[in-house]
Amino acid sequence: QVQLQESGPGLVKPSETLSLTCNVSGGSISSYYWSWIRQPAGKGLEWIGRIYSSGSTNYNPSLKSRVTMSVDTSKNQFSLKLNSVTAADTAMYYCARDASYSRAFDYWGQGTLVTVSS
Amino acid sequence: DIQMTQSPSSLSASVGDRVTITCRASQTISNYLNWYQQKPGKAPNLLIYAASSLQSGVPSRFSGSGSGTDFTLTISSLEPEDFATYYCLQSYTTPRTFGQGTKLEIK
């Protein structure tokens with residue numbers, strides 16, 4: 001059973017960089033796309049972007065100028081950096097696997113709440 | 001970006017009712033449409049992929065249909081655990097986009 005677990009600081013100051021890591025267990029990170037998705041409290045879901053195990057990326061144009069994703073296949077984990085954060089970036093952040101057979105997100109982490117505040 | 005419009009935004013129903021939620025894409029997405037259920041404090045859970053395929057482990061009272069731009073999620077007979085928020089997601093192209101959600105509440 002594939003499991004994903006997000007980790008990182010729960011509080012980030014405005015203008016600084018949000019950094020999260022997603023650890024994948026129970027399966028290999030290879031040959032899949034891995035996505036980051038966020039959800040402000042009480043609101044809908046927003047796709048941030050994805051990274052393939054080879055390192056190729058696709059980002060949401062709305063965030064592209066501030067997002068960087070990376071992957072470490074030796075550690076079976078991938079990461080998100082979002083710079084110049086504001087209060088509008090306060091949200092629950094999820095990592096998820098992009099299933100090759102369906103192109104749906106079939107496995108999700110439990111989510112980690114990131115608050116942007118001074 | 002492809003815009004996904006769900007309706008209704010909220011819905012009140014009773015246990016045993018048949019419920020239908022619709023999702024419309026701003027352009028054709030073939031059958032690259034997925035449905036998720038989200039309960040408070042939890043990550044979304046995949047119910048239906050490729051418009052009509054039931055994800056493993058999901059009860060058969062859930063079904064999906066549609067292609068092109070118009071899609072539906074049907075719950076044939078509501079159970080108490082089905083009261084949640086439902087989202088559609090298009091996986092035809094990037095950026096991936098979600099519908100705004102449908103909150104299903106107990107009448």
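Contact annotation for Tyr94(A): only side-chain heavy atoms (C-beta onward) come within less than 4.5 Å of a heavy atom of chain B. At a 4.5 Å heavy-atom cutoff, the contact between Ile37(A) and chain B is made by side-chain atoms alone. With a threshold of 4.5 angstrom between heavy atoms, Asn58(A) approaches chain B through side-chain atoms but not through N, CA, C or O.
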Review point. Do Trp47(A) and Thr94(B) pass the side-chain contact (heavy atoms from CB on, under 4.5 Å) test, and can you show the C-alpha distance, the side-chain angles, and the key distance before you say yes or no?
Key: CA-CA 9 Å; Trp47(A) 181 76; Thr94(B) 59; 3.8 Å; yes
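Tyr92(B) OH: 12 or fewer foreign heavy atoms inside a 6.0 Å radius.
Pairing each heavy atom of Gly109(A) with each of Ala43(B), the nearest pair is O-CB, 3.3 Å.
Taking Gln110(A), Glu46(A), Met92(A), Arg50(A) one by one and counting their heavy-atom pairs under 4.5 Å with chain B, the maximum is reached by Arg50(A). Each of Pro44(B), Gly101(B), Ala50(B) has some count of heavy-atom pairs under 4.5 Å with chain A, and the biggest count is that of Pro44(B). Considering only heavy-atom pairs separated by less than 4.5 Å from chain B, the leading option among Ala99(A), Ser62(A), Ala104(A), Gly44(A) is Ala104(A).
Cluster membership check: Ile51(A) shares its hydrophobic cluster with Val2(A), using side-chain heavy-atom separations under 4.5 Å among Ile, Leu, Val, Met, Phe, Trp and Tyr. In the hydrophobic cluster analysis, where Ile, Leu, Val, Met, Phe, Trp and Tyr join through side-chain heavy atoms closer than 4.5 angstrom, Tyr86(B) is grouped together with Ile106(B). When the side chains of ILVMFWY residues are joined at heavy-atom separations under 4.5 Å, either directly or via intervening members, Ile48(A) and Phe78(A) end up in a single hydrophobic cluster. Tyr87(B) and Ile2(B) fall into different hydrophobic clusters, where Ile, Leu, Val, Met, Phe, Trp and Tyr side chains are chained together by heavy-atom contacts under 4.5 Å. The cluster map of Ile, Leu, Val, Met, Phe, Trp and Tyr, joined by side-chain heavy atoms under 4.5 Å apart, puts Met69(A) and Tyr107(A) in the same cluster.
Using modelled atom types, one side-chain atom of Arg103(A) and one backbone atom of Ser91(B) make a donor-acceptor pair closer than 3.5 Å.
Of the inter-residue distances, the one linking Asn60(A) atom CG with Asp1(B) atom CG reads 6.0 Å to the nearest 0.5 angstrom. Phe98(B) contributes atom CZ, which lies 9.0 Å from atom CD of Gln39(A) (distance to the nearest 0.5 angstrom). Put simply, CZ on Phe105(A) and CG on Leu46(B) are 10.5 Å apart, with the number rounded to the nearest 0.5 Å.
Within residues 70-78 of chain B, no residue has any heavy atom under 4.5 Å from a heavy atom of chain A. Residues of residues 24-40 of chain B lying within less than 4.5 angstrom of chain A, judged on heavy atoms, are Tyr32(B), Asn34(B), Tyr36(B), Gln38(B) in numerical order.
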